[in-house]
Colleague: 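What follows is a structure written as structure tokens; I'll ask about it next.
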Amino acid sequence: MMSDRVYNFSAGPSMLPLEVLQRAGSEITNYQGSGMSVMEMSHRSKVFMKIFEDTQERFRTLFRVPDNYRILFLQGGASSQFSMVPLNLIGKTGRADYAVTGNFANVAYKEAKKYGEISVAASSADQNHTYIPAQDQLVLDPAASYFYYCANNTIYGTEWQYVPDTGDVPLVCDMSSDILSRPVDVSKYGIIFAGAQKNMAPAGLTVVVIREDLAGAELPYTPLMMNYKTMIDKDSMYNTPPCWCIYVLGLVLEWLEVQGGVSGMEAVKHGKAQMLYDVLDGSRLFTCAAQKGSRSDMNVTFRSATEALDAKFVAEAAAAGFTNLKGHRNVGGMRASIYNAMPTEGVERLCEFIRAFDKKN
Ligand SMILES: *Cc1c(COP(=O)(O)O)cnc(C)c1O
């Protein structure tokens with residue numbers, strides 16, 4: 001780590017690999033002899049088209065996306081998908097199932113209610129979203145057009161450890177905060193989407209993986225820019241795509257290949273999370289917010305006995321170079337977001353800091 005960089009535990013936008021930032025920096029005024037920055041070139045130029053296609057191809061290979069799925073590079077953030085999903089999919093039966101396991105799933109659920117009859121297939125609100133409901137707790141509507149869930153609940157620090165079995169009902173999944181951290185059997189899903197700024201690239205890019213046959217049945221008033229079919233037909237280039245973010249995603253994917261792809265990353269990220277949970281579980285002062293068996297490998301939520309001590313921890317940690325550890329207001333306490341780009345060393349140093357703080361206070 002360069003000495004002027006902090007260990008940034010922000011939930012998003014979050015750390016990018018140092019190698020990626022350095023490479024992007026070295027190419028920022030003249031991308032590979034083109035005489036211009038990627039920020040300055042036409043999205044229809046040969047140079048950019050190559051970046052675009054290579055990035056799509058890299059994503060397809062790394063995330064093992066089958067041929068009957070399309071990879072879209074959109075804008076609007078993950079939140080725009082909260083509307084886009086029902087607008088495009090609910091027309092089939094007018095009904096859908098939602099698992100409400102956290103803030104973003106709840107926002108998506110409320111948005112979907114504008115467009116159809118939405119059932120809560122499961123909710124963890126009874127215990128402040130500290131757990132993920134088990135398969136046998138899901139109340140499934142066989143007539144649902146799709147089943148929606150959020151794989152990793154960024155704010156609460158819980159993560160689905162299984163893929164829900166919904167029979168023939170297509171799965172729609174918000175993977176904003178754990179995409180590319182573990183292998184996924186894409187063929188089990190109808191749509192996977194993710195805002196890039198947690199685990200992939202700068203903010204401004206939303207990656208959507210969609211089974212091609214699901215597009216084209218949108219509600220008649222679906223806005224042009226929210227129609228998957230428009231974006232599929234024009235390969236995400238109906239209008240100007242988020243060019244710079246796509247370029248950086250390409251660099252992150254190259255970096256990920258060197259780390260052993262998503263399987264390599266799975267081992268690393270699980271090791272980092274386990275290290276942190278072990279230190280917290282073994283401490284006197286701290287308790288973890290999420291229940292065992294539902295804990296996220298990406299966002300570790302924890303607290304001490306008092307808000308004053310939490311504040312002291314956050315302030316002393318920041319002074320020691322560990323930033324953005326304050327938890328979300330819905331949960332309180334602390335949250336350490338340890339996405340792919342957080343080096344193992346950063347988690348080791350944080351663990352040392354936690355142990356020392358636990359002894360002193
Ligand atoms: C951050 C986040 C969102 C919101 O993403 P935007 O790109 O800001 O719209 C949605 N879902 C999850 C799981 C997130 O972590």
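Small disclaimer: the values here were computed from a predicted structure and weren't measured. Counting convention: from 1, in listed order, for ligands and their atoms alike. Below, all heavy atoms of this structure are taken into account, side chains as well, without hydrogens, waters or symmetry copies.
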Colleague: Would a line drawn from the ring center of Tyr7 to the ring center of Phe353 be shorter than 6.0 Å?
Modeller: no
Colleague: Does Arg329 have more than 12 heavy atoms from other residues, nucleotides or ligands lying within 6.0 Å of its CZ?
Modeller: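 Open.
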Colleague: Which Ile, Leu, Val, Met, Phe, Trp or Tyr residues join Val139 in one cluster when any pair of side-chain heavy atoms under 4.5 Å counts as a link?
Modeller: none
Colleague: Supply the members, apart from Tyr339, of the Ile/Leu/Val/Met/Phe/Trp/Tyr cluster built from side-chain contacts under 4.5 Å; use none for a lone residue.
Modeller: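 Its cluster partners, ordered by chain and number, are Met298.
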Colleague: Suppose the criterion is ring pair (Phe, Tyr, Trp, His ring centres under 6.0 Å): which pairs have a residue in residues 89-130, not counting sequence neighbours?
Modeller: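 Ring pair (Phe, Tyr, Trp, His ring centres under 6.0 Å) check on residues 89-130 returns Tyr98-Tyr146, Tyr98-Tyr148, His129-Tyr156.
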Colleague: Note every protein N or O atom lying under 3.5 Å from an N or O atom of ligand 1, pairing the names and giving the distance.
Modeller:
unit_1, atom_1, unit_2, atom_2, d
ligand 1, 7 (O), Ala78, N, 3.0
ligand 1, 7 (O), Gln197, NE2, 2.9
ligand 1, 8 (O), Gln197, NE2, 3.3
ligand 1, 9 (O), Ala78, N, 3.2
ligand 1, 9 (O), Ser79, N, 2.8
ligand 1, 9 (O), Ser79, OG, 2.6
ligand 1, 11 (N), Asp174, OD2, 2.6
ligand 1, 15 (O), Thr154, OG1, 2.5
ligand 1, 15 (O), Lys198, NZ, 2.5

Colleague: For the ring pair Phe52 and Tyr247, is the centre-to-centre distance below 6.0 Å?
Modeller: no
